[in-house]
Amino acid sequence: MIEINLYQPGKINATIPFPSTWNELLAEELRLIAGMFLSTFENPSSIRAAILGGLLHIRNKKSKVKLPKNICQQLCPDDAVLNGYAALDFIFQENTLTEQPFQSFSLPGALWKGQYTVAGPSSDFNSLTCGEYEDAEIFFYKFKEEPTADSLAHIAAILYRPANTPYIKLVNGKKEEYKSEQLISRFMALPAWQLYTIFCWYSGCRFSLINLFPNTFQGGEGGEPDMMAFTKCIHAGAGPKNGSRDNIRMMPLKEYLYDIELEAIKLKELKKQQK
């Protein structure tokens, strides 16, 4: 968190806290940013100006200092560009959002169907399973290739489901998987900003994995993106140590990636010795 000084002679002289990382953004600030990213602006400066004004407005409401309601209109445009735009760099650089923005929420739907509450994984993919990640990755790549609400809805439907509902489990030795497709229509009815915020969170956690397990993710460098990369990783890991493919899909994602990281480090050391 940083502080921004707002000063206009005879009008404003106050300091307010301002976010400096994605995880410091408030829920309504994430909503604002997601909405801005989905909007059309004439140039990059326009979106920065809109986000800066929106964040200042939200922080002004939260501030203990009583500031004018029309504070944004009183700011000097030149000062805002010189001093305010740099404070937004973190938003336009690497997405590091790992704090879960929606612990739970109710899905929209017809009244006769009633409300349907779903809960998401814990922050930073700490409770995500390999199966969830494998399936969500397919729609992550699809959205990258062609941004559609359908791909976002599928990612959300995989990640968010009724509390205490495992994504995959074995019952009497038989595999049972949660059918996320049954609620796609309800996820499609969510506001665009909410679906995109979920995507931003997924992207941020995904980026965190790459930093946490660098040796695991450095493979395929310079090649084409492969939506089946993690599926191949699961197939390669199936065997006496990890069990079947279904066993791996039920494993905590970070636990499996940690094992792969150790193997990748061993392989790298072995190659060094051979040289």
Side-chain angles (χ1 to χ4, degrees), residues 1-5 15-41 44-63 72 80-81 83-105 118-128 132-133 136-137 139-141 143-144 147 149 151-153 155-156 158-160 187 190-214 216-217 225 253-254 257:
M1 194 72 68
I2 61 175
E3 291 185 336
I4 289 185
N5 180 255
T15 300
I16 62 174
F18 198 81
S20 59
T21 68
W22 276 88
N23 284 334
E24 291 175 353
L25 291 166
L26 304 173
E28 55 187 307
E29 291 173 332
L30 285 172
R31 174 175 180 169
L32 167 78
I33 293 170
M36 294 296 181
F37 282 164
L38 294 171
S39 302
T40 302
F41 289 86
S45 295
S46 297
I47 187 172
R48 284 212 178 213
I51 291 177
L52 178 61
L55 293 182
L56 286 174
H57 176 72
I58 293 171
R59 291 287 163 167
N60 184 26
K61 290 192 301 182
K62 305 290 184 180
S63 176
C72 295
V81 171
N83 303 315
Y85 280 18
L88 301 178
D89 284 347
F90 74 93
I91 295 175
F92 296 92
Q93 293 172 353
E94 296 167 343
N95 175 0
T96 57
L97 177 63
T98 58
E99 290 294 320
Q100 171 61 267
F102 308 110
Q103 295 295 337
S104 64
F105 57 89
V118 292
S122 58
S123 297
D124 203 18
F125 283 172
N126 285 334
S127 65
L128 201 73
E132 291 169 278
Y133 184 67
E137 276 291 274
F139 294 100
F140 173 84
Y141 277 104
F143 182 79
K144 286 290 188 178
S151 293
L152 295 183
I155 292 174
I158 291 168
L159 299 177
Y160 295 83
F187 278 96
L190 288 172
W193 67 263
Q194 188 169 4
L195 285 175
Y196 192 70
T197 300
I198 291 172
F199 176 78
C200 287
W201 175 73
Y202 182 88
S203 300
C205 292
R206 191 176 184 276
F207 181 74
S208 176
L209 288 180
I210 295 173
N211 287 332
L212 194 59
F213 305 106
T216 299
F217 283 91
L253 175 63
K254 286 187 173 180
L257 289 178

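Everything quoted here is computed from the prediction, not taken from an experiment.
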Point to revise | Those residues that, when tested against Phe125, pass ring-ring contact (aromatic ring centres under 6.0 Å, His included) (two or more places apart) | key: Trp201, Tyr202

**Study point:** Closest approach of Thr197 to Leu30 (non-hydrogen atoms, all atoms of both residues)
**Key:** OG1-O, 3.9 Å

Review point. Can you name the closest pair of heavy atoms from Glu29 and Pro19 and give their distance?
Key: OE1-CG, 4.2 Å

Review point. Considering all heavy atoms of both residues, which atom of Leu55 and which atom of Ile91 are nearest to each other, and what is their separation?
Key: CD1-CD1, 4.3 Å

Study note, to complete from the structure: Residues passing the salt bridge (Lys or Arg N to Asp or Glu O under 4.0 Å) test with Glu28, sequence neighbours excluded, are Lys61, Lys62

Review point. Taking only residues two or more places apart in sequence or in another chain, which ones pass salt bridge (Lys or Arg N to Asp or Glu O under 4.0 Å) with Glu99?
Key: none

Practice item. Mind checking side chain to side chain donor-acceptor pair (under 3.5 Å) for Arg31 and listing every partner two or more places apart, or none if nothing turns up? Key: none

Review point. Which heavy atom in Ser127 sits nearest to a heavy atom in Pro121, and how many Å separate them?
Key: OG-CA, 3.5 Å

**Study point:** Test ring-ring contact (aromatic ring centres under 6.0 Å, His included) applied to Phe105 - qualifying residues, sequence neighbours left out
**Key:** Phe102, Tyr160

**Study point:** Lys/Arg-Asp/Glu bridge criterion (N-O < 4.0 Å) met for Arg48, Asp89
**Key:** yes

**Study point:** ring-ring contact (aromatic ring centres under 6.0 Å, His included) partners for Phe199, two or more places apart
**Key:** Phe140, Phe143, Tyr196

Review point. Between Phe18 and Leu52, which heavy-atom pair has the shortest distance, and what is it?
Key: CZ-CD1, 4.0 Å

